[in-house]
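Letters go in sequence order (proteins before strands), and every chain restarts at 1.
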Amino acid sequence: MEEDIKQNEQSELRKKTRKELIGSGIAPYGRAFSRSPIREYLGENFAENKKARVAGRIRAKRGHGKTLFMDLFDQSGKIQVYVRKDSIAEAAFSIAEKTDIGDIIGVEGSLFKTKTGEVTVIADYVEMLAKSLHPLPEKWHGLKDVETRYRQRYLDLIVNSEVRDTFIKRSLVIKTIRDHLDSRGFIEVETPMMQSMAGGAAAKPFKTHHNALGIDLYLRIAPELFLKRLLVGGFEKVYEINRNFRNEGISRRHNPEFTMLEVYEAYSDFSGMMELAENIIVDIHKKVNAGGVVRHNDTEIILDRPWKRISLIESVKNETGVDFLAEKNFMQTADKLGVKVETEMSKWEVINKVFEHAVEPKLIQPTFVVDYPSEMCPLSKTKKDNPDIAERFELFMAGQELANAYSELNDPVEQKERFLEQAKGDFLKVDIDYVKSLEYGMPPAGGLGIGIDRLIMVLTSKESIRDVILFPQLKPEA
RNA sequence: GGGCCAGUAGCUCAGUCGGUAGAGCACCGCCCUUUUAAGGCGGGUGUCCUGGGUUCGAGUCCCAGCUGGCUCACCA
């Protein structure tokens with residue numbers, strides 16, 4: 001089997017070394033090795049002759065005949081290992097000699113500093129923990145090929161430390177969100193990923209099949225309708241951080257599965273959610289970015305509160321000079337602006353298109369866009385004094401949509417009508433079970449969704465969603 | 001799905017007008033007991049993405065395909 005795999009010369013040599021190790025009674029793949037993180041021997045923790053036990057991956061090796069130096073990396077840092085033939089058992093020296101860059105080893109020894117002051121472990125014991133059978137990408141230029149970086153993310157993580165940092169940051173962002181919401185009395189819940197109706201948004205779902213039940217199921221496109229059922233059930237502050245799946249195009253800003261935060265707070269509304277969104281994001285910036293500068297291209301993004309608020313129609317007027325509400329020939333006007341419109345589009349659909357084309361890319365600083373037409377927001381309450389306008393905002397930053405919030409519609413009769421409108425009268429496409437839950441009474445509430453991947457893109461100044469998702473979706477290799 | 005661009009050694013890249021494949025790192029051999037992008041001497045290890053075509057001759061030109069990037073479309 002393994003002979004079938006065509007290997008290059010370097011891999012062949014490493015396989016040969018693996019066999020040689022086994023031949024001389026040395027396991028090329030070791031077992032548990034008790035050690036301390038490398039960082040615990042560096043800086044203030046350094047003491048001359050202190051005993052050290054470390055383990056990690058060899059990233060550089062400099063042989064000198066009867067001695068050799070290695071750079072050993074673990075997650076916490078890098079330490080130099082020094083092996084001398086005259087101060088170590090012969091067997092251990094021969095293991096050290098047989099190591100290749102990329103191997104994972106355990107080392108025991110004592111600390112000292114070299115002439116240049118580098119903290120070094122002089123080894124008196126070396127153990128092979130994992131033989132690496134492939135050469136690592138080059139130490140100086142790293143791994144640049146984007147396809148390889150995504151397909152073999154482990155290599156990207158080994159070699160490109162800024163990639164590692166991005167994903168550590170991602171973890172901190174999510175932890176900060178949890179801490180923030182937990183401290184405000186929210187509880188985290190989990191709702192179905194597999195749903196018999198894919199509701200809560202308008203995207204195309206992925207379809208799957210449950211054999212025992214004999215039914216088709218859909219991967220969720222949003223958790224919204226389940227989270228609101230929990231409001232009916234008496235949970236007043238709930239949130240979920242989890243994956244949504246949308247069967248749409250893949251792009252710099254779209255991955256078929258992406259992580260969404262959805263928050264619902266009973267007795268609040270969309271302006272409460274506005275404040276919450278500001279609070280959460282500013283908190284993350286403070287804790288994760290340590291107040292550092294966030295940039296989009298060359299522009300610094302200023303996160304100081306309060307953020308700008310503007311109505312959809314105003315923002316379009318500001319950028320295009322056109323008051324689309326008053327405009328009779330809105331189709332031609334939109335077309336002149338370079339927006340692709342189709343004859344069956346409503347005026348608001350055209351306005352929304354113009355917004356996405358002309359305004360969205362320019363919303364670099366955090367901006368709440370409000371006053372969306374209610375026809376585009378079937379789950380949102382309308383304004384008290386204007387049923388045509390929804391109590392909704394979308395948050396934009398770095399030229400893209402980051403969040404979306406409503407005052408949640410809690411009138412079951414109106415909800416059913418709006419669903420029917422959206423489904424163009426097709427009862428089968430209406431989530432009657434959700435409407436039924438509203439019929440028992442859902443408290444007025446605010447709901448907020450934040451796209452976590454995009455938020456991390458903004459906070460880490462990444463241009464592509466693939467740089468903040470560990471394993472982005474790619475076509476399988478042919 | 002459309003348009004544009006890219007794919008050469010394990011990695012990062014060069015390759016002129018179409019003339020028979022090249023650098024650094026890595027690797028192999030020899031030397032070297034404080035090096036750190038160690039050093040010295042010697043060595044090129046290749047399905048030039050794949051398959052066709054043009055040509056005396058193709059990494060290079062043409063066609064088709066694969067994968068990726070950007071972009072448009074799609075995506076409340």
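- When A:Leu455, A:Val458, A:Ile364 are each tested for a side-chain contact (heavy atoms from CB on, under 4.5 Å) with A:Met397, only one passes: A:Val458.
- Straight-line distance from the CD atom of A:Glu97 to the P atom of B:G29: 11 Å, rounded to whole Å.
- Base pairing annotation: B:C32 forms no Watson-Crick or G-U wobble pair, as no partner gives both donor-acceptor distances under 3.5 Å.
- Following rounding to the nearest Å, A:Glu9 (CD) and B:C27 (P) show an atom-to-atom distance of 11 Å.
- Scored by the side-chain contact (heavy atoms from CB on, under 4.5 Å) test, A:Pro37 finds A:Glu40, A:Asp74, A:Ser76 as partners (sequence neighbours excluded).
- Applying the side-chain hydrogen bond (donor to acceptor under 3.5 Å, both in side chains) criterion to A:Thr333, with sequence neighbours excluded, gives A:Glu327.
- The C1' atoms of B:U67 and B:C25 are separated by 26 Å, rounded to the nearest whole Å.
- Rounded to whole Å, the separation between the P atoms of B:A9 and B:G59 comes to 14 Å.
- When both pairing distances are held under 3.5 Å, B:C4 makes a Watson-Crick or G-U pair with B:G69.
- Aromatic ring centroids of A:Phe355 and A:Phe396 lie under 6.0 Å apart.
- In this structure, A:Leu68 places its CG atom 13 Å from C1' of B:U34, rounding to the nearest Å.
- Among the nucleotides B:U12, B:C28, B:U34, the one closest to the side chain of A:Leu143 is B:U12.
- Atom name P, nucleotides B:A6 and B:C62: the rounded distance is 11 Å, in whole Å.
- A:Tyr82 places its OH atom 12 Å from the C1' atom of B:C32, with the value rounded to the nearest Å.
- The cationic atom of A:Arg170 (NZ for Lys, CZ for Arg) does not lie both less than 6.0 Å from the six-membered ring centre of A:Phe167 and within 45° of the ring axis.
- In this model, a side-chain donor or acceptor of A:Gln80 finds a partner on the base of B:U35 within 3.5 Å.
- In this structure A:Lys381 satisfies the side-chain hydrogen bond (donor to acceptor under 3.5 Å, both in side chains) test together with A:Asn410, sequence neighbours excluded.
- B:G15 and B:A21 have their C1' atoms separated by 8 Å, with the value rounded to a whole Å.
- Regarding A:Ile88, its CD1 atom lies at a distance of 17 Å from the P atom of B:U34, rounded to whole Å.
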Using distance only, find each side-chain donor-acceptor pair of residues 87-102 of chain A under 3.5 Å and give its atom names and separation, not counting sequence neighbours.
unit_1, atom_1, unit_2, atom_2, d
A:Thr99, OG1, A:Lys61, NZ, 3.3
A:Thr99, OG1, A:Ala96, O, 2.6
A:Asp100, OD2, A:Lys131, NZ, 2.7

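- B:G7 atom C1' lies 13 Å from atom CZ of A:Arg151, rounded to whole Å.
- Using a 4.0 Å heavy-atom distance criterion, A:Lys475 is classed as a sugar-phosphate-only contact.
- The nearest whole Å value for the distance from the CG atom in A:Asp145 to the C1' atom in B:U67 is 10 Å.
- Other residues, nucleotides and ligands contribute over 12 non-hydrogen atoms within 6.0 Å of the CZ atom of A:Arg229.
- Donor-acceptor pairing under 3.5 Å, judged by distance alone, is present between the side chain of A:Asp86 and the base of B:U33.
- Comparing B:C61 with B:G69, their C1' atoms are spaced 25 Å from each other, to the whole Å.
- Pairing of B:A26, defined by two Watson-Crick or G-U wobble distances under 3.5 Å, is identified with B:U45.
- Annotation: B:A23 and B:G65 have their C1' atoms spaced 32 Å apart (nearest Å).
- Whole-Å rounding puts the A:Leu136 CG to B:A26 P distance at 12 Å.
- Neither OP1 nor OP2 of B:U12 sits under 4.0 Å from any side-chain N or O of A:Lys144.
- Shown here are the side-chain hydrogen bond (donor to acceptor under 3.5 Å, both in side chains) partners of A:Gln152, two or more places apart in sequence or in another chain: A:Tyr154.
- Of the P atoms belonging to B:C48 and B:G10, the separation is 11 Å, rounded to the nearest Å.
- On the P atoms, B:C28 is 35 Å away from B:G19, given to the nearest whole Å.
- Nearest to the side chain of A:Thr114, among B:U35, B:A26, B:U33, sits B:U35.
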Pick out the pairs of N or O atoms, protein on one side and nucleotides 37-40 of chain B on the other, that lie under 3.5 Å.
unit_1, atom_1, unit_2, atom_2, d
B:A37, O3', A:Lys139, NZ, 3.2
B:A37, N1, A:Trp140, NE1, 3.0
B:A38, OP1, A:Lys139, NZ, 2.3
B:A38, OP2, A:Arg62, NH1, 3.3
B:A38, N6, A:Gly63, O, 3.0

For residues 463-475 of chain A, which side-chain N or O atoms pair as donor and acceptor with protein atoms under 3.5 Å away, sequence neighbours left out?
unit_1, atom_1, unit_2, atom_2, d
A:Ser464, OG, A:Arg466, N, 3.1
A:Asp467, OD1, A:Arg149, NH2, 3.4
A:Asp467, OD1, A:Tyr150, OH, 3.1

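- Residues in residues 48-60 of chain A take part in these side-chain hydrogen bond (donor to acceptor under 3.5 Å, both in side chains) pairs, two or more places apart or across chains: A:Arg53-A:Glu108.
- Pair check for B:A64 finds B:U50; Watson-Crick or G-U wobble, both atom distances under 3.5 Å.
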Base-contact (B) and sugar-phosphate-only (S) positions in nucleotides 69-76 of chain B, heavy-atom cut-off under 4.0 Å, - elsewhere: SSSSSBBB
